[in-house]
There are 2 protein chains.
Amino acid sequence: MIQSHYMIANAPRRQPLYVQIKQFLLRRIAEGEWLEHDALPSEWDLADEMSVSQGTVRKALTELVADGLLYRQQGKGTFVAPVLSDWGNALLQSPGVFDELPDRLSCEFLAISRMNASDDMAVALQLRRHAPMFRVRQLWRGQGRPVALDEAYLPAERFDGMEARWFRSGVGVYATLQQRFGVRVVERREQYRAVMLPREDANLLGLSGAALEEPVLSLLRLSVSSVGERVEWRQRYCLSRDLALLQKAG
Amino acid sequence: MIQSHYMIANAPRRQPLYVQIKQFLLRRIAEGEWLEHDALPSEWDLADEMSVSQGTVRKALTELVADGLLYRQQGKGTFVAPVLSDWGNALLQSPGVFDELPDRLSCEFLAISRMNASDDMAVALQLRRHAPMFRVRQLWRGQGRPVALDEAYLPAERFDGMEARWFRSGVGVYATLQQRFGVRVVERREQYRAVMLPREDANLLGLSGAALEEPVLSLLRLSVSSVGERVEWRQRYCLSRDLALLQKAG
DNA sequence: TAGTGGTCTAGACCACGGG
DNA sequence: CCGTGGTCTAGACCACTAT
């Protein structure tokens, strides 16, 4: 299963051992062998199982921790990290206040529908033109008040069998991809803009009258899975009158 | 200089060797011992110099690479990375197009002035109320047209002696902090909002008439140095009619 | 061919957490 | 006390770059 490329003369190029180990563990996590917060075998057990040294296993685990797929606790073990939330590490804070703790957000499912990919969407997701898509709409609330509106677009053929009831309990899109398809999102590219909210979305965010003239923060997101597959295109509108979106920049 | 905490019985807690090595190298870089793109001594030479093993040096270098302070080229060496640009890894792209290459931005110095910290600013930068600050204003252009307006606020006591001419050639704030004070920015926390541009800033961005009613992207940034010091508070307004700000989210 | 970073091993010991 | 992750060493060999 795991083989070094140093031991095989004249063999075609192989990945380093620790990369093979990463992929091996990634597959086992995706297949549900360990659930969130489950402990993996110890570094030594994994090393024995795969006939490599503990240091090599350690290097693989360290990268998976950096990718956010695992977390470690000294003296206890290495565990499967909870799935990335639909907000990632982003927070909503008061503008200008960087040390504030955020409110918890709740997610309300609105609707799921089918449509065809726009040209930009198809290019970004590496699909053919007008490829069939699911559109999942969700409303985020903080302290009961609407704060953001999401439209997540997912390739219908890749995620065949998607059902509305999976979302009814307010579970996020990323959690659903993990639970139902074994897909873990690890990378996101986000574009930020300031726009006026499209009129038809305004009432969902509870805007009316003068508030219709308020600018909103538009976030366009391309989500990539742990195996490099582009799996989601998302449009989010955030009300930013009283809240700012915090990101730690890389 | 470098000492293990394993070899000293009953000694107070010491940092791991590789952390000491990081700090040691960080200081030597800050002091200008090596300039941008200069090669560091080889891992083996550094190991001999500090009487540690090559693997330990390697671990320190790997973390400095991850922090963006160094870069490596196999077969050649390890080099000092160019200073982070005032845009970090962020790019301006066409909305909805994630694979586009960005235009180069040019920086035009506008003015430097003295003022006192606002309350939010003082808290974020861990200064006393109304602490004296420098305000550096710069205008960013892409293909000749204004795209963003920056107001960088720097603690005047920490950066005593700051001069306007340091900025006249269009050099960024981060480059100046590196060159003049040996301070390297490595972490940034950014808040995004959508706002209407303050009237007095609009003409700097070339806005007039109906364009005054365009929303702009507001970015509020707290910059932290390689030694954890909070060194800058920045307000940026980005025109987002035709351009979106791309970030890779962590 | 020499010098660099990149991978891998085997073994040692430390620090933390929990029985 | 044991089992876990965390650090460190010494040595080996591979892969890339330049001369």
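Below, read A as the first sequence line, B as the second, and so on, with proteins coming before strands; counting in each chain starts at 1. Here the structure is a predicted model, which is why all the values come from computation and not from measurement.
Under the side chain to side chain donor-acceptor pair (under 3.5 Å) criterion, B:Glu63 pairs with B:Lys22, sequence neighbours left out. A:Asp160 is linked by a side chain to side chain donor-acceptor pair (under 3.5 Å) to nothing, counting only residues two or more places apart in sequence or in another chain. Residues meeting the side chain to side chain donor-acceptor pair (under 3.5 Å) test with B:Ser94, sequence neighbours left out: B:Glu100. With sequence neighbours excluded, no residue forms a salt bridge (charged side-chain N to carboxylate O under 4.0 Å, His left out) with B:Arg168. Checked against ring pair (Phe, Tyr, Trp, His ring centres under 6.0 Å), B:Phe167 has the following partners two or more places apart in sequence or in another chain: B:Phe109.
Note on ring orientation: taking the six-membered ring where Trp is involved, the planes of B:Trp166 and B:Phe181 are perpendicular (angle over 60°, cut-offs 30° and 60°).
Place A:Leu40 and B:Val19 on DNA chain D by their nearest nucleotides, and A:Leu40 ends up nearer the 5' end.
Between the CG atom of A:Leu61 and the P atom of D:dT7 there is a distance of 14 Å, given to the nearest Å. Rounded to whole Å, the distance from CG on A:Asp45 to C1' on D:dC2 is 14 Å. For A:Gln20 and C:dT7, the CD to C1' distance is 12 Å, given to the nearest whole Å. One interatomic measurement links the two molecules: CG of B:Leu46 to P of C:dG3, which rounds to 16 Å at whole-angstrom precision.
Residue pairs meeting the salt bridge (charged side-chain N to carboxylate O under 4.0 Å, His left out) criterion with at least one member in residues 29-40 of chain B, sequence neighbours excluded: B:Arg28-B:Glu33. Applying the salt bridge (charged side-chain N to carboxylate O under 4.0 Å, His left out) test to residues at least two apart or on different chains, the pairs with a partner in residues 84-94 of chain A are A:Asp86-A:Arg234.
Listed by residue number, A:Arg72, A:Gln73, A:Gln74, A:Gly75, A:Lys76, A:Gly77, A:Thr78 are the residues of residues 63-79 of chain A with a heavy-atom contact under 4.0 Å to DNA chain D.
Checking the phosphate oxygens (OP1, OP2) of D:dT7, a side-chain nitrogen or oxygen of B:Tyr18 falls inside 4.0 Å. Taking 4.0 angstrom as the limit, A:Arg58 places a side-chain polar atom (N or O) nearer than this to OP1 or OP2 of D:dG6. Dashed line: the shortest gap from a side-chain N or O of A:Lys59 to OP1 or OP2 of C:dC8 is not under 4.0 Å.
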What's touching nucleotides 9-12 of chain C from the protein side, N or O pairs under 3.5 Å?
residue, atom, partner, partner atom, Å
C:dT9, OP2, A:Ser53, N, 2.9
C:dT9, OP2, A:Ser53, OG, 2.8
C:dT9, OP2, A:Thr56, OG1, 2.4

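Judged purely by distance below 3.5 Å, without hydrogens or angles, the side chains of B:Gln15 and B:Gln20 never pair a donor atom with an acceptor atom.
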